[in-house]
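Here is the structure we will look at.
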There are 2 protein chains.
Amino acid sequence: MHDSSLGLRERKRAQTAEAIHVSAAELALERGLDATTIDAISDRADVSPRTFFNYFQSKEDAMLGIDESAVAAELDREREHDPDVLVAVFDLIYAVFEASGGNRTRADLKRKVMHEHPQLMTRQMVRVAELDDRLSGIIAGWLVDDARFAEGSDEQRRDAAQIILGVCLATVRGAMKKWASAPRGSNTSAETRKNFDDAVSAFRTVMEKIV
Amino acid sequence: MHDSSLGLRERKRAQTAEAIHVSAAELALERGLDATTIDAISDRADVSPRTFFNYFQSKEDAMLGIDESAVAAELDREREHDPDVLVAVFDLIYAVFEASGGNRTRADLKRKVMHEHPQLMTRQMVRVAELDDRLSGIIAGWLVDDARFAEGSDEQRRDAAQIILGVCLATVRGAMKKWASAPRGSNTSAETRKNFDDAVSAFRTVMEKIV
DNA sequence: ACGCAAAGTTGCAGAGAGTGCAACAATGTT
DNA sequence: AACATTGTTGCACTCTCTGCAACTTTGCGT
């Protein structure tokens with residue numbers, strides 16, 4: 001548990017981020033969202049409140065362990081996509097969503113916090129939604145190779161991408177909300193993935209009926 | 001301009017709310033969003049900062065003149081709905097959206113502020129989205145009379161309503177965003193309505209292609 | 001190994017949002 | 001006129017968040 005490929009600085013930084021994240025998450029579970037202050041989190045993580053803000057923008061971000069740079073990296077990554085646009089978009093959202101979470105080893109803790117405090121999930125969804133332009137740009141790029149959209153103008157594809165992204169995000173949001181109100185237990189990563197897949201088919205079923 | 005059917009108290013309350021709203025909106029236009037403080041708004045509206053919070057929850061709400069009780073009234077209102085679910089849902093969102101805006105006589109000012117500061121629009125969308133449960137409840141009720149959903153269980157209809165509401169909100173959000181980045185001028189109420197209608201057809205077109 | 005540059009930490013001071021409370025004022029009611 | 005209701009305000013307080021400047025730690029070239 002000691003990746004020497006990174007300098008001491010990088011390692012320390014990761015450690016501190018982790019400490020703050022864990023402290024924030026634990027406090028959220030112990031005292032609730034509002035009762036957890038930045039001071040308390042910083043105390044437990046053994047950093048000054050001032051340092052807290054060098055790592056996270058808000059206590060919510062800290063509780064989720066949101067890692068901006070990981071998200072940016074995920075967006076820049078070259079990716080192949082499923083031929084089915086809908087599936088591809090859900091995959092994309094899923095990838096960003098996972099990357100937003102930062103450290104993979106704390107998945108359990110994070111799931112517990114999100115389950116207990118659905119507001120955090122909303123927050124995370126909002127963050128993903130803020131990547132709007134980047135994401136719909138990627139999708140618009142896919143549409144160029146899609147027979148049904150290839151003929152239109154760039155702007156039409158952009159608009160279409162916006163709509164597609166929007167509806168997919170809404171669907172994911174709904175699925176997440178349902179998951180949050182579901183009983184505890186069985187919160188594996190596979191479960192999360194299954195939730196995404198279920199969301200896709202639920203969405204398709206409803207759309208077939210109403211369009 | 002003096003509705004005596006209401007007591008002096010009610011009239012004064014409305015006046016104060018209006019004064020705060022106008023002050024907030026004007027300051028937002030003059031100085032920008034962040035540079036406008038609650039103190040400054042209160043000063044201009046000739047109330048104490050403490051009183052400000054008796055009327056609005058935040059400066060954003062004040063800038064938009066958001067009227068909680070009007071929204072609540074709109075939701076409780078008995079409403080007939082278009083046979084086409086999609087159209088009906090967009091109508092519903094439109095109604096809530098308009099009601100959220102509060103005073104109708106200030107429409108111009110409000111549009112200007114929203115156009116200049118799209119964040120406010122996002123905020124208003126979020127507010128509408130928070131009514132999630134109420135709205136999807138209404139929609140689920142409609143689905144009972146819909147041949148394509150009549151056979152399912154209540155829960156299935158609730159889920160479907162959630163998805164439908166979600167995608168419609170996303171579409172509206174996209175349309176609003178586009179409006180915000182469009183050049184100034186032609187910001188009539190009719191234009192707003194047209195934007196909604198365009199959103200519906202754009203949505204339908206895209207969905208027909210990808211589902 | 002030394003010393004300088006870069007990056008990180010921290011305390012401090014301060015603005016701003018938001019809340020509870022209690023005194024006071026205006027309005028409505030009988 | 002007396003009383004209840006409702007609204008306003010100042011005060012004290014907590015909390016989030018930022019800029020700045022001093023200081024410490026780490027990295028790196030020589």
Side-chain angles (χ1 to χ4, degrees), chain A residues 2-21 23-24 27-28 30-64 66-69 117 119-120 123 126-127, chain B residues 2-21 23-25 27-28 30-64 66-69 117 119-120 123 126-127 130:
Chain A
H2 177 105
D3 190 345
S4 312
S5 68
L6 302 155
L8 174 55
R9 220 164 227 170
E10 310 270 334
R11 269 178 285 139
K12 273 205 166 180
R13 228 192 131 69
Q15 270 176 28
T16 307
E18 169 103 356
I20 295 175
H21 164 46
S23 301
L27 282 170
E30 291 169 17
R31 310 185 185 173
L33 239 51
D34 289 350
T36 300
T37 67
I38 308 253
D39 282 353
I41 297 170
S42 311
D43 262 10
R44 184 178 292 211
D46 260 312
V47 294
S48 78
R50 192 64 189 76
T51 298
F52 174 94
F53 288 104
N54 291 339
Y55 286 86
F56 296 101
Q57 290 181 12
S58 66
K59 58 183 174 182
E60 285 85 3
D61 282 13
M63 289 167 186
L64 294 169
I66 282 177
D67 182 348
E68 309 266 9
S69 54
H117 302 287
Q119 307 175 30
L120 293 178
R123 170 97 186 185
V126 171
R127 285 197 86 83
Chain B
H2 178 105
D3 190 346
S4 313
S5 68
L6 301 158
L8 173 57
R9 221 164 229 169
E10 311 269 335
R11 268 178 287 140
K12 273 204 165 177
R13 226 191 133 69
Q15 269 176 29
T16 306
E18 170 102 357
I20 296 175
H21 164 45
S23 302
L27 281 171
E30 291 170 18
R31 309 184 186 176
L33 239 53
D34 288 351
T36 301
T37 67
I38 307 251
D39 281 354
I41 298 170
S42 311
D43 262 10
R44 184 179 291 213
D46 261 311
V47 293
S48 76
R50 192 64 189 77
T51 299
F52 175 95
F53 288 106
N54 290 339
Y55 286 85
F56 297 100
Q57 289 180 13
S58 66
K59 58 183 174 182
E60 285 86 3
D61 282 12
M63 289 166 185
L64 294 168
I66 281 178
D67 183 347
E68 308 266 10
S69 54
H117 302 287
Q119 309 175 26
L120 292 177
R123 170 96 185 184
V126 170
R127 285 198 85 83
E130 276 167 2

Inset, instruction - Could you tell me the separation between the CZ atom of Arg13(B) and the P atom of dT6(D), rounded to a whole number of Å? - result: 11 Å
Inset, instruction - Can you tell me the distance, in whole Å, between the CG atom of Asp46(A) and the P atom of dG11(C)? - result: 11 Å
Inset, instruction - Determine which pairs satisfy salt bridge (charged side-chain N to carboxylate O under 4.0 Å, His left out) with at least one residue from residues 49-60 of chain B, sequence neighbours left out, and list them in order. - result: none
Check nucleotides 18-21 of chain C for protein N or O atoms closer than 3.5 Å to its own N or O atoms and list the pairs.
from, atom 1, to, atom 2, distance (Å)
dG20(C), N7, Arg50(B), NH2, 2.9
dG20(C), O6, Arg50(B), NE, 2.6

For nucleotides 28-30 of chain D, which of its nitrogen or oxygen atoms have a protein nitrogen or oxygen under 3.5 Å away, and what is each distance?
none

Legend entry - Rounded distance in Å - CE (Met63(B)) to P (dA17(C)): 9 Å
Inset, instruction - For the side chain of Arg9(B), starting at C-beta, report the closest nucleotide among dA6(C), dT10(C), dG7(D). - result: dG7(D)
Inset, instruction - Please report, rounded to the nearest Å, how far the C1' atom of dG8(C) is from the CZ atom of Arg11(A). - result: 16 Å
Inset, instruction - Using atom CG of Asp39(B) as one end and atom P of dC11(D) as the other, report the distance to the nearest whole Å. - result: 13 Å
Inset, instruction - Name the residue closer to the 5' end of DNA chain C, choosing between Lys12(A) and Thr37(B) according to the nucleotide with the nearest heavy atom. - result: Lys12(A)
Inset, instruction - From the options Ile20(B), Ile66(B), Leu120(B), select the one residue that forms a side chain to side chain contact (heavy atoms under 4.5 Å, CB included) with Asp61(B). - result: Ile66(B)
Legend entry - Rounded distance in Å - CZ (Arg31(B)) to C1' (dG16(C)): 14 Å
